[in-house]
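Just below is one structure, and these are the notes that go with it.
Numbered from 1 within each chain, the chains take letters A, B, ... in sequence-line order.
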Protein chains: 2
Amino acid sequence: MADDDTGGDATPFELPPGRAASIRDVARVAGVSYQTVSRVVNDHPSIRPETKQRVLDAMEQLQYRPNRAARMLVTSRSKTFGILTSNRHHYGPATSIRAIEEAAQESGYSVVTKNLTATDDASIVQALDHLADQAVEGLVIIAPQVRVLTAIERLSLRVPYVTLQSTGEAGSHALSIDQVAGARLVTRHLIELGHRSIYHLAGPQDWIEAEARMRGFLAEMSDNDVPTTAPILGDWTADFGYRAGRELLRFRDFTAIFSSNDQMALGLLHAVREAGLDCPRDISIVGFDDIPEAAHFAPPLTTIRQDFAEIGRRCVALLFAQLEGRDADLPAIEPTLLVRSSTARPAF
Amino acid sequence: MADDDTGGDATPFELPPGRAASIRDVARVAGVSYQTVSRVVNDHPSIRPETKQRVLDAMEQLQYRPNRAARMLVTSRSKTFGILTSNRHHYGPATSIRAIEEAAQESGYSVVTKNLTATDDASIVQALDHLADQAVEGLVIIAPQVRVLTAIERLSLRVPYVTLQSTGEAGSHALSIDQVAGARLVTRHLIELGHRSIYHLAGPQDWIEAEARMRGFLAEMSDNDVPTTAPILGDWTADFGYRAGRELLRFRDFTAIFSSNDQMALGLLHAVREAGLDCPRDISIVGFDDIPEAAHFAPPLTTIRQDFAEIGRRCVALLFAQLEGRDADLPAIEPTLLVRSSTARPAF
DNA sequence: TCGTCGAATGTGAACAGTCACATGACTGCG
DNA sequence: CGCAGTCATGTGACTGTTCACATTCGACGA
């Protein structure tokens with residue numbers, strides 16, 4: 001049953017050196033038609049196990065690799081998602097990206113990330129353009145989202161997209177992680193400790209999560225009838241936190257600061273120390289994100305932990321849902337409060 | 001001159017809804033052959049400016065986008081580089097990745113990053129496989145490099161690759177950033193301050209840069225006839241630094257520690273503080289990398305700054321050099337020492 | 001005046017897959 | 001015993017682009 005194949009003679013079949021094996025080469029070696037090989041590759045049900053094995057062997061022998069380009073061309077599906085990110089070295093985004101990559105790959109998708117260097121409209125458009133060139137089938141946006149969103153509208157990209165954080169308004173585009181709830185959580189923690197004058201060091205306001213955290217802060221404060229001052233708009237960096245802290249400490253008309261992320265909180269801590277004050281004795285500071293370093297700050301930072309990996313996974317799930325035209329309604333992920341040593345009752 | 005085109009009548013030419021415009025559609029609208037359109041796209045020299053404009057207009061009108069897949073198929077060039085990374089959220093790698101993406105894109109290349117979750121051989125092979133599926137033309141490796149390198153050998157990948165850090169030995173594959181020099185720099189700094197018992201908290205030894213930094217440390221120590229103890233092998237995390245610090249402080253038979261990266265130094269700082277000691281009065285600590293947060297540690301960290309962006313750019317340059325078969329000999333980048341407040345003369 | 005050259009453009013065939021349809025063999029049923 | 005139906009496999013056409021090779025046309029030198 002084995003020696004009836006076409007020309008099963010001494011020629012071990014070698015292909016021209018430069019070229020990689022194609023489906024047809026495999027077919028020839030296995031003694032079947034190229035279509036059969038294609039069926040094996042896509043494991044079509046009706047194929048004899050014996051034939052399948054023969055094809056598999058041939059593939060092994062020729063080191064066959066399906067050609068993505070050809071498949072992409074004919075199916076006009078790139079099996080690629082794009083991620084638009086701007087500060088990827090931040091812990092949260094980076095963790096999510098990793099999870100996205102993994103989840104995507106499980107479904108045979110790959111991921112192209114594009115970094116936004118500047119946040120002006122021109123570079124946003126250029127970045128989206130680049131992603132469009134890759135024929136991405138879906139988009140995850142971890143960037144100054146409001147601007148990107150309008151750019152997408154303007155370019156009339158016909159691609160499903162997901163923003164990493166809840167917009168509070170949008171339907172299937174936004175991932176409902178309750179940033180607002182997280183912000184309320186830390187704020188309540190401070191209030192319960194007895195703080196009555198609390199500053200908020202916010203993130204850039206074109207970031208939806210920055211805006212959501214700020215909303216949560218303001219809501220919790222007003223719910224508890226604590227008067228608020230205008231939030232300070234930062235840029236996520238420790239440097240900014242430091243400078244803001246120095247500025248703030250010139251007056252010292254507060255007992256606590258809620259920083260919209262952990263990096264800025266680090267800068268704040270630095271400024272407090274430099275002013276000869278002690279956190280948490282004189283001033284309580286809380287962060288947001290729980291980066292792996294936060295536990296080793298001086299003092300270890302009270303913060304909000306978010307499950308960034310889970311967020312990433314959900315991004316992919318949502319994208320697939322949109323691709324398949326169904327509505328995936330994922331329950332919101334609840335952030336958790338991590339009380340460490342940077343918060344205490346106010347001194348007076 | 002404008003109304004002599006073929007059939008410039010009332011049909012505005014619309015293509016079947018689902019399909020995107022192809023080179024042939026553009027050709028029809030512009031009244032030229034598809035080859036001419038192809039020439040315009042690749043800006044071939046001999047094409048009449050007038051014709052070119054007509055084609056350009058048609059492209060604009062149809063919102064034409066060249067189809068990557070088709071081009072890839074026929075040229076068998078993916079115009080894609082792969083990055084294999086393992087701890088991308090670390091500042092250094094992340095910064096380099098961004099620079100790589102940018103530099104690549106300038107030459108019309110895109111970048112696919114693949115994250116290594118586990119560092120066992122199986123997942124390395126799987127990751128390389130995934131990258132190979134994308135038909136990447138070059139590879140940048142930011143990962144436990146020695147293992148990856150052997151995996152590449154074993155898979156007989158015929159792709160030029162660059163490792164982010166100097167191996168000290170390899171030729172054109174390795175990027176010569178002088179890790180050894182950097183390590184010598186900090187070590188000398190400590191020695192010059194008067195330290196004679198210095199511990200080294202190293203990175204995982206399958207990371208080439210970890211190994212190089214350790215080599216630099218040992219070399220500088222022995223050059224100055226300072227006796228050394230065996231380096232402690234860490235995992236780059238602040239958590240590890242903290243635990244190692246606690247362990248080390250039980251004996252306190254040293255006056256300084258050189259940590260192979262800033263994160264571990266942060267953990268060390270934490271342990272020192274917790275032991276009721278002061279850095280730098282009791283113990284000096286130095287890091288490596290100069291992450292943006294290092295300036296805000298308690299105390300601000302003395303460390304080695306590396307130009308990660310420049311490294312990224314060079315990766316791409318090297319890759320192109322390898323692709324074109326020429327030898328690019330880039331001068332090494334010299335790291336610089338940043339003295340902040342975590343180092344001082346030893347107390348006794 | 002004619003062949004030659006180069007510029008500008010067109011034609012056919014590849015590239016490596018998938019899809020729709022066709023074919024042949026075998027099974028089960030009336 | 002013939003016919004329908006399924007299983008296993010094969011054939012031809014098509015995807016959007018580039019490459020190698022025509023073809024046309026005007027200019028120019030012999």
Side-chain angles (χ1 to χ4, degrees), chain A residues 1 4-6 15-16 18-56 58-59 62-79 108 132-135, chain B residues 4-6 15-56 58-59 62-79 108 132-135:
Chain A
M1 55 128 109
D4 59 357
D5 57 338
T6 54
L15 54 177
R19 237 183 77 246
S22 83
I23 205 180
R24 287 177 155 90
D25 300 317
V26 175
R28 218 167 315 148
V29 170
V32 295
S33 80
Y34 54 84
Q35 178 61 281
T36 304
V37 178
S38 171
R39 289 206 178 91
V40 171
V41 171
N42 300 300
D43 44 45
H44 187 93
S46 65
I47 197 140
R48 208 148 24 108
E50 183 191 312
T51 314
K52 182 169 181 173
Q53 192 52 51
R54 207 140 36 98
V55 172
L56 253 25
M59 272 162 44
L62 294 182
Q63 298 241 52
Y64 170 75
R65 269 224 137 80
N67 182 318
R68 242 177 94 80
R71 179 178 285 167
M72 217 163 129
L73 177 60
V74 73
T75 59
S76 63
R77 311 202 55 197
S78 65
K79 289 243 181 191
D133 273 347
Q134 312 271 319
Chain B
D4 60 356
D5 57 340
T6 54
L15 55 177
R19 237 184 75 246
S22 84
I23 206 181
R24 287 178 153 89
D25 300 319
V26 175
R28 218 168 314 149
V29 170
V32 295
S33 80
Y34 55 86
Q35 178 60 284
T36 304
V37 177
S38 171
R39 289 205 178 91
V40 170
V41 171
N42 300 300
D43 43 43
H44 186 93
S46 67
I47 196 141
R48 211 152 17 114
E50 183 191 313
T51 314
K52 183 171 180 171
Q53 192 52 51
R54 209 141 34 100
V55 171
L56 254 24
M59 270 158 54
L62 295 181
Q63 297 241 53
Y64 170 75
R65 268 224 139 79
N67 182 317
R68 241 177 93 82
R71 179 177 285 169
M72 220 163 126
L73 176 59
V74 72
T75 60
S76 64
R77 312 203 52 197
S78 64
K79 291 243 180 191
D133 273 346
Q134 312 271 318

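- With hydrogens and angles ignored, no donor-acceptor pair under 3.5 angstrom links the side chain of A:Arg48 to the base of D:dT9.
- No donor-acceptor contact under 3.5 Å links the side chain of B:Arg65 to the base of D:dG16.
- Ion pairing between a basic and an acidic side chain is recognised when a charged N comes within 4.0 Å of a carboxylate O; A:Arg68 and B:Asp133 show no such pairing.
- Of the residues near DNA chain C, B:Arg39 and A:Asn42, the one whose nearest nucleotide (by heavy atom distance) lies more toward the 5' end is B:Arg39.
- The OG atom of A:Ser76 sits 13.5 Å away from atom CZ of A:Arg71, with the distance rounded to the nearest 0.5 Å.
- At a threshold of 4.0 angstrom between heavy atoms, the contacts of B:Leu73 include nucleobase atoms, whether or not backbone atoms are also involved.
- Heavy-atom nearest nucleotides on DNA chain D were determined for A:Val74 and for B:Thr75, and the one closer to the 5' end corresponds to A:Val74.
- As judged by a 4.0 angstrom heavy-atom cut-off over every strand, B:Ser76 is placed among residues making no nucleic acid contact.
- Put simply, the side chain of B:Arg71 and the base of D:dG16 share no donor and acceptor less than 3.5 Å apart.
- Closest approach to the B:Pro66 side chain among D:dG10, C:dG17, D:dT17 is made by D:dT17 (side chain taken as heavy atoms from C-beta onward).
- The base of C:dG17 does not come close enough to the side chain of A:Arg68 for any donor and acceptor atom to sit less than 3.5 Å apart.
- Interface remark: the A:Gln35 side chain does not form any donor-acceptor pair with the C:dT18 base, using a distance-only criterion of under 3.5 Å.
- Taking the side chain of B:Ser46 as heavy atoms from C-beta on, and the options C:dT18, C:dA7, D:dT9, the nearest nucleotide is C:dA7.
- For the atom pair CZ of B:Arg54 and CZ of B:Arg48, the computed distance is 7.5 Å after rounding to the nearest 0.5 Å.
- When each of D:dG10, C:dT9, C:dT18 is scored by its nearest atom to the side-chain atoms of A:Ser33, the top-ranked nucleotide is D:dG10.
- A donor-acceptor contact under 3.5 Å links the side chain of A:Tyr34 to the base of D:dG12.
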